[in-house]
Each structure stands twice: as structure tokens, then as C-alpha cells.
Amino acid sequence: MEEILNYIGGKLLEPQSNQYIDNYEPATGSVYSQIPNSDEKDVAIAVEAAKNAFPGWSNTPASTRSAIMIRIADLIAANLDTLAAAESKDNGKPVSLAKSVDIPRAESNIRFFATAILHFASEAHIMENSAINYTNRKPIGVVGCISPWNLPLYLFTWKIAPALAAGNCVVAKPSEITPYTAFLFSKLCIEAGLPAGVLNIVHGLGASTGNAIVSHKSVKAISFTGGTTTGAHIAAIAAPMFKKLSLELGGKNPNIIFADCDFDKMIATTVRSSFSNQGQICLCGSRILVEKSIYEKFKTAFVEKVKKMSVGDPADPETKMGAVVSEAHMNKVLSYIELAQKEGGKILTGGQRVFLEGKNKNGYFIPPTIIEGLDENCRTNKEEIFGPVVTIAPFDTEAEAVRIANSTEYGLAATVWTSNLNTAHRVAANIESGIVWINTWLLRDLRTPFGGVKNSGVGREGGFEALKFFTESQNVCIEL
Ligand code: NDP
């Protein structure tokens, strides 16, 4: 069985303990590779390699760093099919999605920051006739990047690209549930000639490997994407060491649909915003609020479309809904569907595990599930489920929709459907979230600030925000 290896100091290495963890294929429920069960010894070696590489990398001209990163992006593009197939097998997502979204976006992430660093400038503050201040933005040193399983290579590269472009050396950990494309990526970094130790990828469990990265005193900043509880734990370790922190956490995103919207476009997009990647995107809209006058029309059209979405083998290019990521996650999602029914919810479609035939008979499949009739304050409507499950409910007034939208502890993203510009701007301004999409969903410009408010996170990724996070600002003041 294939062994995934750590990437440390430019080499592919076995874990010091020689211990491995089983890696499952969600669509079959079987083990297909072995992941290093790394511990603090592997992390210490990786941090040492990163420290040794830092003087060289931080003093390498930005144009040279950029050229190396562009070679990595080119290699991702050249290996699109292999990477997409690997992502689909490791995560359970349809190969068509991995090929059209995950891998192209991983390539864009690297390419974007490889060029953004060439345009990164800092400010000068002139004190008339007395002094000039300028801001010197210096790379931080060794930084830690920890990413989740839902968009494995996509979110992994979203973190490491700005860190590397800004001149830092990185110790990174992908989710142990989906490590495979990060392993393939380490081989591409070697092929592209990334100097040894600049990027180190240590595989293993969050509680051991992840914790060791966060706790290491030489790791000066942590960029983390994952669950809110894990984020709180990481913040508690990092704060007393005064590490810089960027936390992209969970969500419970509202999708507010007004009667005056473009109905057909809204329905087509709402199917995607609810169930893309089996609903396992932090930006999926899971609470759908519909203006009462079109509620029944919406319900009929939405349920009809969703009933036609069948789950299938993710490796089949025609499949639109694949497997959820793990058995544990499948059971968590199913337990929320059960809870929703106890809370008085009515399942309009989906609701039970699906068993496919043949090689997929033990796969973790849940059909797209729509629930109505729930109180806005019940647990199903408050807690993040992170699966193919949405609730729908009618609202009477804009004020009521905004109040319900803001009634969870999360504030990551919201979607608003209306053809009235005033409504759109007003609702966007009143919604407590880091991102608001109007008449669209998941349309991303990598230059924009990305992140959440409330329990959805601290800090912003994207564009120059990310380059600012991965640098320390120094004020230099010269008296004239
Ligand atoms: P987790 O918080 O469980 O894990 C995220 C990463 O942190 C994994 O690599 C995990 O490792 C690691 N980790 C776990 N415990 C620790 C620890 N004590 N110290 C350091 N690292 C640790 O999240 P999931 O992987 O389950 O991802 C789903 C969550 O991510 C959802 O809540 C989702 O909303 C959120 N998310 C947020 C996004 C955003 O941009 N705001 C985007 C995408 C997802 P391991 O897997 O090995 O345990």
C-alpha cells in the first residue's frame, strides 16, 4: 500500500516514529494509503529546516521567488488530471468538481501571489519640513499553515502561497483526512526547484502534529482554516506567545431570497450554493429564507430540481454529488438530520444514507436533503452541519429576514437575491458577515479581503491583506 511521506528540508521523509495512520477512500470506505503519524520530533526537524532556509529565501529577490512559484503553478496545470483524480479519491468529491474548481484554483492561488508580491508596496508618511516615515514590510520568519479537508489543495495553497511569496518559510499541515494532494504537491515543489526547507509539509493528526506546530516557539505566526472549536483551542495556545493569528472558521450562512429576484437564476444558483461539494464548503448557504409571497413556488421548484440530483461514484465524470468525507462525518450529518426531525422539521427530500452498488457499496453517501418547518432558534438552524443539508423557511419583511440571518454566532458569508438595488445595498450593510454575495454565489476575486466576523474568524485572507498578514510592518522615521 502506498505510503505518503513528509516533505522536510527538501526531502520526502518517513515519520521519526515510523507510525502511520490509515487513509480512507470515502467512496468505497476502504483504506488505500498510509499517512505519517508525525509528532513533535518531525515538527521540530521541519522548523529547524525552515529556520535554516529563512535567511536565504527572505533575501532572495521577489522576482526570483515569483519565478519559482510560477514554475510550481505551471506544474499544477500540467498535472491537472492526476491531481483532480487524487483529490476526488481522497475526499469523495466529484472528479468533475476537482477538475473544474479545486485544482485550477490551487494553480491560481500560487500564480496570483507569485505576481501579487511584485506589486506589493508600502506607504510613506511625510511630516512637512521635518521628517519622512516609511513602512518596511519584512517577512516574519517561520510560519505555520494548517488547513482542513473540504477543499484540500485549494485551501492549502491559499495559505502557503502568500506566506512563501512574502519571503517566509513554512511548516504546513494538511488535514490528515485528505493528505494526498499535498503529498503530490511536495513532489511538484521539488521538481520546480523550490529551495530545501522553504516549505515543509508535516502530515499527521491535529491533536499531535497540528498542536506541535502551534506550540513551537519558533513558529511566529499561524494561519488556520477549520472548525471554530479548533480555532479557539489554537488561539488559546498561540496568544500567550504573542503569535500573529489568522483564523478562518465555521459558518451557518443565510441565503435571503426576495420575491423580486431573477427566479430561474436564483434557483439554479441556490442548488449549487446548497449542495456543491456535498454541502461541505464553508461558504454554502445552509439557511434559506424566502419571502412569503414566493415561498410555495420556490419550495416546489427547489425540491423538484434537487430530487433529480443523484449521488454517484465521484470518479465518474458525470457525477454531480459524491461521497461525504469520512464515516465519522457522515454519522455527524445523519445525526443532525435525526435531530431536525425531533425538533419538528419535515424532510422534503433526502434524509437517509444511500447505499450504492458494486465498489461503492460501503461508501459514505448522503443525498441532498431539504428540511422545512423548523423554528429559527432550534439547534439545526444554529449549529454548523457542514453537509448536504439545508433548511428553508418563509419571511414576511426585510427586517425579519435580516434579524434571522444575524441570529447565529457565525458571520462568514451571506447571499441575497433581489433586483432592487436599494434592498441589496441595505441588506448587505445590515448583515453581520465578512462576505455578501448579491444575485450570485462563490464568485471570487482573489484581490478581495476574505474572512468572517463573530465566531467565523479573525483576520482576512486574500490579496494584499494576506501579504500584510505574512509580514511585520516596521516604521522607519528619518528626521530631515
Ligand atoms: P478541524 O478544525 O477539525 O481541522 C482543521 C485542521 O486543523 C486540520 O488540519 C486538523 O487536523 C487541524 N487540527 C485539529 N486539531 C488541532 C489542534 N489541536 N491543533 C492544531 N491543529 C489542529 O476542521 P475540519 O478539518 O473538520 O474542517 C471543517 C471546518 O472548517 C468547518 O467548520 C468549516 O466551516 C471550516 N472551514 C472554514 C473555512 C473558512 O474559510 N472560514 C473554509 C473551509 C472550512 P486533522 O484533520 O488531522 O484533525
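Counting starts at 1 for both ligands and their atoms, following the listed order.
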Asker: Using the ring of F469 (Phe, Tyr or Trp, six-membered ring only), decide whether K244 places NZ or CZ under 6.0 Å from its centre and within 45 degrees of its axis.
Answerer: yes

Asker: Which residue owns the protein heavy atom closest to atom 48 (O) of ligand 1, what's the atom, and how far is it?
Answerer: G206 N, 3.4 Å

Asker: By number and element, which atoms of ligand 1 are closer than 4.0 Å to a non-hydrogen atom of C282?
Answerer: 34 (O), 36 (N), 37 (C), 38 (C), 39 (C), 40 (O), 42 (C), 43 (C), 44 (C)

Asker: So, taking the atom named OG in S286 and the one named CD1 in I385, what distance separates them when rounded to the nearest 0.5 Å?
Answerer: 7.0 Å

Asker: Starting from atom 3 (O) of ligand 1, which protein heavy atom do you reach first, and at what distance in Å?
Answerer: T230 OG1, 3.8 Å

Asker: Taking only heavy atoms of L412 into account, list the atoms of ligand 1 that are under 4.0 Å away from them.
Answerer: 41 (N)

Asker: If you measure from the Lys or Arg side-chain nitrogens to the Asp or Glu carboxylate oxygens, is any gap between E432 and K454 under 4.0 Å?
Answerer: yes

Asker: Mark up the atoms of ligand 1 that fall under 4.0 Å of a heavy atom belonging to S147, in ascending order.
Answerer: 6 (C), 8 (C), 9 (O)

Asker: Quick one: look at L155 and ligand 1, take heavy-atom pairs under 4.0 Å, and tell me if it's side chain, backbone, both or neither.
Answerer: side chain

Asker: Hey, does L249 come in under 3.5 Å of ligand 1, counting only N/O atoms on both sides?
Answerer: yes

Asker: Quick one: look up the protein heavy atom nearest atom 10 (C) of ligand 1 and list residue, atom name and how far away it is.
Answerer: K173 NZ, 3.9 Å

Asker: Quick check on contacts: which atoms of ligand 1 are under 4.0 angstrom from a heavy atom of G227?
Answerer: 1 (P), 2 (O), 23 (O), 29 (C), 30 (O), 32 (O)

Asker: Counting N and O atoms only, with roles assigned by atom type, does the side chain of N255 sit under 3.5 Å from a partner on the main chain of R287, one being a donor and the other an acceptor?
Answerer: no

Asker: Checking contacts here: is it the side chain or the backbone of I237 that comes within 4.0 Å of ligand 1, counting heavy atoms only? Could be both or neither.
Answerer: neither

Asker: Where is the nearest protein heavy atom to atom 32 (O) of ligand 1: which residue, which atom, and how far?
Answerer: E384 OE1, 2.6 Å

Asker: Can you list the atoms of ligand 1 that are under 4.0 Å from a heavy atom of N150?
Answerer: 43 (C), 44 (C)

Asker: Output the list of atoms in ligand 1 that are nearer than 4.0 Å to some heavy atom of W149, sorted by atom number.
Answerer: 24 (P), 25 (O), 26 (O), 27 (O)

Asker: Indicate the ring-plane relationship of F386 and H329, choosing parallel, tilted or perpendicular according to the 30° and 60° boundaries.
Answerer: perpendicular

Asker: Looking only at atom types and distance, does a side-chain atom of N52 sit under 3.5 Å from a main-chain N or O of A49, one as donor and one as acceptor?
Answerer: no

Asker: Heavy-atom contact check, 4.0 Å cutoff: does G204 meet ligand 1?
Answerer: yes

Asker: For residues 142-154, which side-chain N or O atoms pair as donor and acceptor with protein atoms under 3.5 Å away, sequence neighbours left out?
Answerer:
from	atom 1	to	atom 2	distance (Å)
N150	ND2	Q280	O	3.1
Y154	OH	R105	NH1	2.7

Asker: Show me which atoms of ligand 1 lie under 4.0 Å from any heavy atom of H233.
Answerer: 18 (N)

Asker: Between T228 and ligand 1, does any nitrogen or oxygen pair lie at a separation below 3.5 Å?
Answerer: no

Asker: Is a side-chain N or O of N253 found less than 3.5 angstrom from the main chain of A414, in a donor-acceptor match?
Answerer: no

Asker: Checking a contact table here: which protein heavy atom is nearest atom 28 (C) of ligand 1, and how many Å away?
Answerer: F386 CE2, 3.6 Å

Asker: Show the numbers, then the answer: is there a salt bridge (Lys or Arg N to Asp or Glu O under 4.0 Å) between R403 and E376?
Answerer: CA-CA 10 Å; R403 182 185 55 72; E376 67 186 68; 2.6 Å; yes

Asker: In terms of atom number and element, which parts of ligand 1 are under 4.0 angstrom from non-hydrogen atoms of L205?
Answerer: 47 (O)

Asker: What part of T229, side chain from CB on, backbone N/CA/C/O, both or neither, has a heavy atom under 4.0 Å from ligand 1?
Answerer: neither

Asker: Spell out, as yes or no, whether a donor-acceptor pair under 3.5 Å connects the side chain of K320 to the backbone of V311.
Answerer: no

Asker: Between K342 and E338, is the closest basic N to carboxylate O distance under 4.0 Å?
Answerer: yes

Asker: Using a heavy-atom cut-off of under 4.0 Å, does the side chain or the backbone of L151 touch ligand 1, or both, or neither?
Answerer: neither

Asker: Write out the residue and atom name of the closest protein heavy atom to atom 45 (P) of ligand 1, then the distance separating them to 0.1 Å.
Answerer: E176 OE1, 3.3 Å

